[in-house]
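Remarks on the structure that follows.
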Amino acid sequence: MQRRQGAAQSEPRYQQQQSGRLERQGEIKRDTGSESDRQPQKPALALFEQRPLQPLKRMDSAPPWPRPGRSRRSAPICRPARHRQTAPCSKPSHIFTRILPPAGPAWSMRRARHMLHHSAAPTHRIAVAPMTSKVITRFAPSPTGFLHIGGARTALFNWLYARAHNGHMHLRIEDTDRSRSTDAAVAAILDGLDWLGLNWDGEPVYQHRQAARHREIAERLLSEGKAYRCYCTAEELSRKREEAAASGGRTGYDRTCRELARQQDGPYTVRFKAPVDGETVIDDQVQGRVSIPNSQLDDLVLLRSDGTPTYMLSVVVDDHDMGVTHIIRGDDHLTNAAKQSLIYQALGWQIPVFAHIPLIHGPDGAKLSKRHGALGVEAYRAMGYLPEALRNYLVRLGWSHGDDEIISTAQMIEWFGLDAIGRAPARFDFAKLENLNGIYMREMAAPDLLAHLLAAMPHLEGGPELLRRIEVGGTDSLLRALPGLQERASNLQALMQAAGFLFAARPLDIAPKAAKALSEEGKARLRELIPTLEAIGDWSKENIEAALRHHMETTGLKLGNLAQPLRAALTGSTVSPGIFDVLYALGKQESLDRISDQQAG
RNA sequence: GCUCCGUUCGUCUAGCGGUCUAGGACGCCGCCCUCUCACGGCGGAAACACGGGUUCGAGUCCCGUACGGAGUGCCA
């Protein structure tokens, strides 16, 4: 599965183990009540002893059996070990791997950026264990709001996993709750994924359209005696729940209707007949082996009293029908996985591989709320972040590959694996995103950055207006200014604002601070400079700089004395790219005109 | 309440029983570069939640405590 290369010789045994593990998934351990009948938990050590003895330390390849997870309390034997660096690389090193010193001092960011800039798509795919079936993941958002950042990361992980295994990622819109689903939300999700570059395979599946199929499965369960009709009303249920909560008892359904002898009149829901005792085990690729007492699992509702299917039924049926092999989703679904396992079993269907990833928290450690960061991805676009930077930031939230920070999408696909996902929730940190975005912006070739900027401008604050001005003035000056601009901005919004002076109407508005530089003395210096500038034939950066430096030599001025008034006159601000760059970007005529404006004013 | 999950610098993380005097990144502080602002370079402060246990040896394994999170719907 998410094995990496380097352990080919131990593959068969691993496979065996793997399938054995899969079979155990979702199994129900019947609790007979008598101590002697109870299956004793096999200690980890006993399992090891059954295996051929091999030295545990310093192995050249990963051990063929799963090793204990980090702090798995229930059963520390299920999680495939992380073995990232333990296996020797059999394939030609990837560029990043190659330049990473094994244990040396930190390599410079400059070097990282260089690599980022020059890295090509990997030519060698990682060797993965042969799959019995193609990997199919899915992203299944409910269209009750925008695509928030946590959902975006879930989508990313699913996308990455599918791409890494040459599989497919499907998109399913979970809209079984018709009253809360909106078309606008669906559009926002599609648009958000599109912007983030997370393309899905095939057509999106709209869950509510499968309702007939879901109902059919519920009927089947009913006829097989694995589900039953429940005539309790919603009011009764909520009253019982409140009472139970008040008395500190179990809050689940009390199973009043489970053993009803015959059908009654009136509306009913269809409930799943869940096992009452024992426990359900799920083998999670991230959380490890988790067992949940069946007493915690309810006789959940499959069909509402109006005949519509609930989420719990729909996911199982759809995931099965869509051939989903790996379910990667937020760990708020962990207990659902147990419930769903029971349904899979009742239906005799193969249980997919589960991977429940921890949620993203806000800066204060609490669950993300709209107040702090649970913005839709379109908000990140509006703040001027690059999709590839956001992807890089997101993938590092909970997943890591050694000390690597700058990870191109091609590298993510090559390196991504479920085994390197952490179990602790991460907090969202704008400062780091901003930094990452700046790195990506600086590394981008000017024409590419220009394309990104232009595409983002309709979404930026003040972007549409500037866009109109750019349409009139053309992008030539912008393209010339970009190299100087791009290393001064860490998001497109700031970049756009910094570029604003290029398209400002004459005479410029001069900021108060800048006005100070345009004292009488400053203006006089500019006046003296005019002939020098006029004399420049070929308006190239080199010529401009040479002319200015010559001018300083003859006048005895320092660059600082000249640059600030010039900057003020040219940009109306005290902050701008290097003054030679500004002159070059603006062009000869515009530069001279702006200087003249100040002489008049 | 019950069930499940988690806890390494402020934040994201590396760590797979000895190589940990705990590494990297962001942020912060200082210095350098410099025409402004940035970029960049160099340096610094900063963490194994707590208590037991296992072991010759624990950040790493086990148990407990504290704290945090999730679930506990005719929501998804």
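Chain letters run A, B, ... following the sequence lines, proteins first, then strands; residues in each count from 1.
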Side chain of [X] - closest among [options]:
X	options	answer
A/Q207	B/C39, B/A76, B/G24	B/A76
A/L397	B/C12, B/A14, B/C35	B/C12
A/K339	B/U72, B/C4, B/U36	B/U72
A/A431	B/C35, B/G27, B/U3	B/G27
A/Y311	B/G24, B/C4, B/A76	B/A76
A/D429	B/A76, B/C35, B/C26	B/C26
A/Q296	B/G71, B/C26, B/G6	B/G71
A/L359	B/A70, B/C26, B/C37	B/A70
A/H361	B/U7, B/C26, B/G69	B/G69
A/T176	B/A76, B/C12, B/G23	B/A76

Euclidean distance for [atom1], [N] against [M] (whole angstrom):
N	M	atom1	answer
B/G43	B/C9	P	24 Å
B/U8	B/U3	P	25 Å
B/U21	B/U60	P	15 Å
B/U7	B/C63	P	14 Å
B/G71	B/G59	C1'	30 Å
B/C50	B/C67	C1'	10 Å
B/C33	B/G41	P	16 Å
B/C48	B/C61	C1'	15 Å

Does [N] have OP1 or OP2 under 4.0 Å away from a side-chain N or O of [X]?
X	N	answer
A/R396	B/A25	no
A/R423	B/G69	no
A/R329	B/G71	no

Assign [X] to base, sugar-phosphate, or nothing according to its heavy-atom contacts below 4.0 angstrom with the strands shown.
X	result
A/Y393	nothing
A/C232	base
A/P358	nothing
A/R180	base
A/L334	sugar-phosphate
A/A426	sugar-phosphate
A/G578	base
A/H333	base
A/N336	base

Spacing of A/L518 atom CG and A/Q564 atom CD [to the nearest 0.5 Å]: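 So the CG of A/L518 and the CD of A/Q564 are separated by 10.0 Å.
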Taking any strand in view, what nucleotide pairs with [N] in a Watson-Crick or G-U wobble way, both distances under 3.5 Å?
N	result
B/U11	B/A25
B/A38	none
B/A70	B/U3
B/A58	none
B/A49	B/U65
B/C20	none

Distance in angstrom units between [X] [atom1] and [N] [atom2], rounded:
X	N	atom1	atom2	value
A/F501	B/A38	CZ	P	17 Å
A/D298	B/C74	CG	C1'	12 Å
A/M312	B/A76	CE	C1'	9 Å
A/D284	B/A70	CG	P	18 Å
A/E434	B/A38	CD	P	14 Å
A/D581	B/C35	CG	P	14 Å
A/R289	B/G6	CZ	C1'	20 Å
A/I421	B/C12	CD1	C1'	15 Å

If only side-chain N and O atoms count, and only distance matters, is there a donor-acceptor pair under 3.5 Å linking [Y] with [X]?
X	Y	result
A/H208	A/T176	no
A/D175	A/Y206	no
A/Q207	A/Y311	no

Nearest heavy atoms of A/M441 and A/A489, plus distance in Å: CE-O, 3.8 Å
Answer with yes or no whether [X] presents, from its side chain, a donor or acceptor under 3.5 Å of a partner atom in the base of [N].
X	N	value
A/R567	B/C35	yes
A/D332	B/G71	no
A/T335	B/C4	no
A/R488	B/U36	yes

Position toward the 5' end of RNA chain B (nearest nucleotide), A/Q564 or A/L433: A/L433
N/O donor-acceptor pair under 3.5 Å between A/T310 side chain and A/V301 backbone: yes
A/T571 side chain to A/S573 backbone, donor-acceptor under 3.5 Å: yes
All ring pair (Phe, Tyr, Trp, His ring centres under 6.0 Å) counterparts of A/H356, not counting sequence neighbours: A/F354
Ring centre gap for A/F428 and A/Y393 strictly below 6.0 Å: yes
Aromatic contact, A/F157 with A/W399 (centres under 6.0 Å):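 Centroid separation for A/F157 and A/W399: 6.0 Å or greater.
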Chi class for B/C16: syn within 90° of 0, otherwise anti: anti
